[in-house]
A.B. asks: 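Attaching a single structure in structure tokens format; questions to follow.
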Amino acid sequence: RRVLFRSDAADGVKHYVSEDPQTQMKADLSVNTQTREFFYTESGVKDGKAYVVKTHGWLKASTEQVASPATAASGIGG
């Protein structure tokens, strides 16, 4: 079971952590809400081999209006 929780936030930077003991996966995400810069690290074991994934970048501002849940749900199965 994956659990995501915000571990802390200061100076516009939010930190999130996710751990899955069953798959030995751990992920950390830091997002600076002022600059939109992010850092992501994931480590775990897959097929008996340890792996690490790291990435860094800047999130782009969306120009599209976010759909409301009712709007999104109405298009399902239609």
Side-chain angles (χ1 to χ4, degrees):
R1 176 178 164 210
R2 291 185 180 181
V3 177
L4 175 69
F5 64 92
R6 187 166 84 182
S7 59
D8 61 47
D11 298 325
V13 178
K14 296 182 179 181
H15 301 278
Y16 299 89
V17 176
S18 177
E19 295 185 36
D20 185 349
Q22 184 177 356
T23 62
Q24 300 178 16
M25 185 277 304
K26 180 179 181 184
D28 299 291
L29 173 66
S30 296
V31 179
N32 184 321
T33 57
Q34 296 171 353
T35 65
R36 296 190 176 108
E37 183 177 21
F38 72 90
F39 295 87
Y40 178 77
T41 303
E42 179 180 315
S43 61
V45 177
K46 183 165 179 136
D47 299 327
K49 296 182 181 181
Y51 72 90
V52 176
V53 175
K54 294 182 180 185
T55 189
H56 164 256
W58 286 266
L59 301 171
K60 293 182 180 180
S62 175
T63 58
E64 296 180 19
Q65 184 178 2
V66 176
S68 68
T71 304
S74 66
I76 297 175

A.B. asks: Rounded to the nearest 0.5 Å, what separation is found between the OG atom of Ser43 and the NZ atom of Lys26?
C.D. replies: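 One finds 7.0 Å between OG of Ser43 and NZ of Lys26.
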
A.B. asks: Is there a path of hydrophobic side-chain contacts, each under 4.5 Å between heavy atoms, that joins Phe39 and Leu59?
C.D. replies: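 Phe39 and Leu59: separate clusters.
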
A.B. asks: List in chain and number order the residues that pass side-chain contact (heavy atoms from CB on, under 4.5 Å) with Lys46, two or more places apart in sequence or in another chain; answer none if no residue qualifies.
C.D. replies: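 side-chain contact (heavy atoms from CB on, under 4.5 Å) check on Lys46 returns Tyr51.
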
A.B. asks: Between the side chain of Asp20 and the main-chain N/O of Gln22, is any donor-acceptor distance below 3.5 Å?
C.D. replies: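 The answer is yes, because a donor-acceptor pair under 3.5 Å joins these two groups.
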
A.B. asks: About how many Å separate CZ of Phe38 and CG of Asn32, when rounded to the nearest 0.5 Å?
C.D. replies: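 So the CG of Asn32 and the CZ of Phe38 are separated by 12.5 Å.
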
A.B. asks: Could you tell me the separation between the CD atom of Glu42 and the CG atom of Leu29, rounded to the nearest 0.5 Å?
C.D. replies: 11.0 Å

A.B. asks: Taking side chain as C-beta onward, heavy atoms only, is Glu19 less than 4.5 Å from Met25?
C.D. replies: no

A.B. asks: Does Thr33 reach the main-chain N or O of Gly12 with its side chain, forming a donor-acceptor pair under 3.5 Å?
C.D. replies: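 Checking the backbone N and O of Gly12 against the side chain of Thr33, a donor-acceptor pair under 3.5 Å is found.
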
A.B. asks: How long is the span from the CG atom in Asp28 to the OH atom in Tyr16, to the nearest 0.5 Å?
C.D. replies: 13.0 Å

A.B. asks: For Glu37, enumerate each residue passing the side-chain hydrogen bond (donor to acceptor under 3.5 Å, both in side chains) test, keeping only those at least two apart in sequence or located in another chain.
C.D. replies: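 side-chain hydrogen bond (donor to acceptor under 3.5 Å, both in side chains) check on Glu37 returns His56.
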
